[in-house]
Amino acid sequence: MRDKYCGLVTKEDIGKTITLSGWVFRRRDHGGLIFVDLRDVSGIVQIVFSPEISKEAHEQAGDIKQEYVITITGKVDRRPQGTENLNIPTGEVELYVTSFEVLNTCKPLPFQLDEEEPNESLRLRYRYLDMRREEVKKAFLIRSLAYKTTRDYLADSGFYEFETPMLTKSTPEGARDFVVPSRLNPGNFYALPQSPQLFKQLLMVGGFDRYFQIVRCFRDEDLRADRQPEFTQVDIEMSFVDVDDVIAMSEGLIKSVYESVTGATLDTPILRMSYDDAMELYGSDKPDMRFELLMTDLTDIFRETGFGVFKKTVEEKGAIKSLVLKGKTLSRKDLDTAVDISKEMGAGGLIWMRRDNEALQSPIVKYLSDTEKAAMDEKLGLADGDVVFIMAGPRNKTNEIMGRFRLYVGEKYGLAAKDLFKFLWIVDFPLLEYSEDEKRYMARHHPFTSAKESVRTFEGDYETIKAKAYDLVLNGVEIGGGSIRIYRTDEQMAMFKLLNIKEAEASDKFGFLLEALEMGAPPHGGIAFGFDRLLMMLLRLESIRDVIPFPKTQKGACLMTGAPSRVSAKQLNELKVKAIVDQTGG
RNA sequence: GGGGUCGUAGUUAAGCCUGGUUAUAACGCCGGCCUGUCACGCCGGAGGCCGCGAGUUCAAUUCUCGUCGACCCCGCCA
C-alpha cells in the first residue's frame, strides 16, 4: 500500500515512481494545478495533481477534501527552482500524481487541525483527531521513545520486567482505592493497585534481585493539572542495596530518559538536600530550584523585640522568616496585593519592608530598634531597592506558607528561567507524621519504609526519626520517590505498633508480607517515577493530560467514551451490588 | 467539601462592565474563478435556543440567582 513514509521522501527518490498513503492535510487548488500536503505519522510531503501528468487524476482530485485517506502513485521530482519550502524536511521535492485512490472519506471536521488549539473538552471528545495535530502527535511519539529508553536502560542494568496484579487487595494508609466487585465472591471487592508496592517487595523475597515494571496505578482522589486517577509509574525494586545505590541507579535512568527526550545533557550526580533544609530554606519538600529566593530565619534577631507580633512568635517558640526580593521595583499596590495573597494562603499577615536611601521603610519600622534594623541589614545583606517580606508564626506552618508565597513571588516577578531543568533529591524525610484527625502517627511514606535507626529500640521523640526515603524533584514537582524497606519482621511489627496498627489488623491486611519477611527476605529498596509527570515536565507542558493519550477530565470522566456510566440492573444483580443513587433517572 | 475562571455560528475569539434596530470577525463549510502554491489568492453564499433554568425589567447575549459542563487552586493525594 506504500513504498515509504510521506515525511521520509528525499532527494534520493528523485526520478522514482513511488506509492504513498496518508491523510489529505491541506489542499491548494489553483484550478490548473492542485497541491496537496499528504500527511502520515512521519510528516508531510507535497503532491501535485497536474492535467499534463494525468488529466483523470487532476479531475478527480477536485473531490478530495480535508483528512480524506488516500493512496497515491506518482513520480518524485525536484521542485522547480524558487518553489522549494525549506520549512519542511521534504520541501525540496514533490510527487506528480499519476493515479490515486480514495481509501476513506472524512466528514467536515469539528475543529481545524492546523489552527489555534480548540477547547480541551472538544479535543478530548475527538481525541483521535486531536492526535493528528502536530504537537499532540509529537508528545506521544516522545512518550513512546521514553518507554524504550527506560526499558533499554533498566534491562541493560540487570533488571527483570514483571507484571503484577491489577485486581488486588485494598490496602489501608495512603490514597482511596478504586474497588471492583467480585461476582464469584458476593460482597467482596478487589482494589485496583495504588502501586505494586507489596508485590515488588515479594519479588525481592522471591530472589529476582532487580525488578522493574512500567505500570498503571490507580488512586481515587481529586484531580489536578498534574494528577490523573490512572497514571503510569516506572516502578523499581532492588535487593542488597542502600539509599546511595538506589539513587545512583535512578540518576542513570533519569539521565538517559532526559537526554533522549530533550537532546540535552544532564550532569550527575544530582544535588541532594535534606527534608529539614528544604523546609527551612524553601518552605517545601519539593523546592523549585530554578530560582534562589531563599528564606532566611530572623527569629534570633528579634529575641528581645518590642514589636508585638514578633514578640508573641518568639514567646510561642515560633519562627520569623523572611524573603528578600532584589532588583525589582514594587509599587505600594504590588505590596498590598502581596499581603492579600499571603492571607489567602493562610498567613496571619505579611510584613514588607523596602530599603531606600540606606534606611528601611515599612509600616512597622517604628517598632524596631536600631540594633534590630542593623542586624537585619547585615544578616540579609540588604542593598537599596531590596524588598523584604516577613512572616511570623508557628515554625512549620510559617515555613509552608512562606514556601507557597515564595513560589508566587517567583512566578509574579519571573524569577524562574523557563528553559531550565533543575533536579533535586530530597532525603532524610521524617519517618512519621502525627495525624490530628486520627490521633496517631502516620507513615509519611508508607508503613514499610525503614528508618535510619531501629524503630524497635528507639527512645525519644518519634517525630525526629528520619526515614531512608528519598524523593526526586524537578522544577518544584515531585517526579519520583522511594525508600529502603523494612526487611525484618521484628522491625515491621514495631513499625505497625508505632502506627497503632493492631497485630490482628496487621496480619489480616499484610499477613502475607509479614510471613514473607520471616522466610529469608533480603535487604531491599526501590523507587517509583511518575512517568506521565516526568514527560509533562520534560516537554514543558502545563498538564499531565497532554502526555496521556486518553485522559480523564477533572471529574474523572472520559469525554470520548462517556465513562463512567451506569450499568444494567442485570449486571448489578450478578455482582450482588446495590446502588444507593437512583439508577434509572438523574 | 471549599474558593476562582470560562461557556456567543462547525472552530477560535469580539460584543456584556454602561440592557434597546439586522450579534461582529477570522478560519472552516457550500457555489464560482484561478498552472507554482505551501496558513495559496479572488468573488459570492449559507450557517446562532449567545450552555440550560428562573428572577429583575417595558425590554436580558448583557444584570442577579440557581444549575450543568470544562479548567485552575485549597482540602485530599506520592
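In what follows, chains carry the letters A, B, and so on, assigned in the order in which the sequence lines appear, proteins first and then strands, with residues in each chain numbered from 1. Just so you know, these numbers use all the heavy atoms, side chains as well, and skip hydrogens, waters and symmetry mates.
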Check if the side chain of A/Y96 and the base of B/rG36 share a donor-acceptor pair of N or O atoms closer than 3.5 Å. yes

Give one of base, sugar-phosphate or nothing for A/R444, where a contact means two heavy atoms less than 4.0 Å apart. base

Any base atoms under 4.0 Å from A/E84, or only sugar-phosphate, or nothing? Heavy atoms, all strands. base

So for A/Q81 and B/rG36, does any side-chain atom that can act as donor or acceptor lie under 3.5 Å from a complementary atom in the base? no

Whole-angstrom distance between B/rU56 and B/rA13, as gauged at atom P: 34 Å

I'd like to know if A/E116 reaches the base of B/rU11 with its side chain, counting only an N/O donor and acceptor under 3.5 Å. no

P atom, B/rC34 versus B/rG51: distance in rounded Å? 43 Å

Check every strand shown and say whether A/L122 touches a base, only sugar-phosphate, or nothing at a heavy-atom separation below 4.0 Å. sugar-phosphate

Establish whether the base of B/rU37 is bridged to the side chain of A/R26 by a donor-acceptor pair shorter than 3.5 Å. no

Determine the interatomic distance between C1' on B/rU8 and the same-named atom on B/rG69; round to the nearest Å. 16 Å

Can a side chain N or O of A/Q194 be found less than 4.0 Å away from OP1 or OP2 on B/rC77? no

Among the nucleotides B/rA70, B/rC74, B/rU37, which one has an atom lying closest to any side-chain atom of A/T553? B/rA70

Check the orientation of A/F405 and A/Y408. Use parallel for under 30°, tilted for 30 to 60°, and perpendicular for over 60°. tilted

Side chain of A/R28, heavy atoms from C-beta onward: which of B/rC38, B/rC71, B/rA78 has the nearest atom to it? B/rC38

B/rA70 pairs with which nucleotide, Watson-Crick or G-U wobble, both distances below 3.5 Å? B/rU5

Would you classify A/D114 as touching base, sugar-phosphate or nothing, given that sugar-phosphate means primed atoms plus P, OP1 and OP2, and contacts are heavy atoms under 4.0 Å? nothing

State, with a plain yes or no, whether a side-chain heavy atom of A/F510 is found less than 4.5 Å away from one of A/Q492. no

Rounded to whole Å, CD1 of A/I544 lies from C1' of B/rC72 at a distance of 15 Å

Relative to each other, are the rings of A/F49 and A/F100 parallel, tilted or perpendicular (30° and 60° limits)? perpendicular

Is there a Watson-Crick or G-U wobble partner for B/rA54 with both distances under 3.5 Å, and which nucleotide is it? B/rU64

Inter-nucleotide C1' distance (B/rU61, B/rA78), Å rounded: 46 Å

Does the side-chain ring of A/F111 lie flat on the base of B/rU11, meaning centres under 5.5 Å and planes less than 30 degrees apart? no

Have a look at A/E67 and say if it touches a base, only the backbone sugar-phosphate, or nothing, with a 4.0 Å heavy-atom cut-off. nothing

Base B/rG7 paired with A/N119 side chain (donor-acceptor, <3.5 Å): no

Side chain of A/P118, heavy atoms from C-beta onward: which of B/rU12, B/rC38, B/rG1 has the nearest atom to it? B/rU12

Does A/K343 pair with A/D340 as a salt bridge, N-O distance under 4.0 Å? no

Check whether any side-chain nitrogen or oxygen of A/R27 sits under 4.0 Å from OP1 or OP2 of B/rC38, and answer yes or no. no

Quick check on B/rC72: is either OP1 or OP2 less than 4.0 Å from any side-chain nitrogen or oxygen of A/R545? yes

Among B/rC76, B/rU37, B/rC74, the one nearest A/R404 by side-chain distance: B/rC74

Can you check whether any acceptor in the base of B/rC77 is under 3.5 Å from a donor in the side chain of A/R227, or vice versa? yes

Where the side chain of A/R224 is concerned, which of B/rA78, B/rG75, B/rG36 is the nearest nucleotide? B/rG75

Looking across every strand, which nucleic acid part, if any, lies under 4.0 Å from A/E120 by heavy atom: base, sugar-phosphate, or nothing? sugar-phosphate

May I ask you to test the A/Q228-A/D532 pair for a side-chain heavy-atom distance under 4.5 Å? no

What does the B/S/- profile of nucleotides 29-35 of chain B look like, 5' to 3', with a 4.0 Å heavy-atom cutoff to protein? SS---BB

Which value, in whole Å, describes the distance between the C1' atoms of nucleotides B/rC63 and B/rC50? 15 Å

Nearest to the side chain of A/K555, heavy atoms from C-beta on, is which of B/rA70, B/rU37, B/rC76? B/rA70

Could you work out the separation of B/rG10 and B/rG48 based on their C1' atoms and round it to a whole Å? 12 Å

Check every strand shown and say whether A/P80 touches a base, only sugar-phosphate, or nothing at a heavy-atom separation below 4.0 Å. base

Nucleotide opposite B/rC38 in a Watson-Crick or G-U pair, distances under 3.5 Å: none

Sequence neighbours left out, what pairs pass salt bridge (Lys or Arg N to Asp or Glu O under 4.0 Å) with at least one residue falling in residues 474-484 of chain A? none

Check: A/R125 side chain, B/rG69 base, donor-acceptor under 3.5 Å: no

If you define the side chain from C-beta out and look only at heavy atoms, does anything of A/V180 sit under 4.5 Å from A/F189? no

Step-by-step side-chain contact (heavy atoms from CB on, under 4.5 Å) determination, A/E433 to A/Y441: CA-CA 5 Å; A/E433 201 170 29; A/Y441 288 107; over 6 Å; no

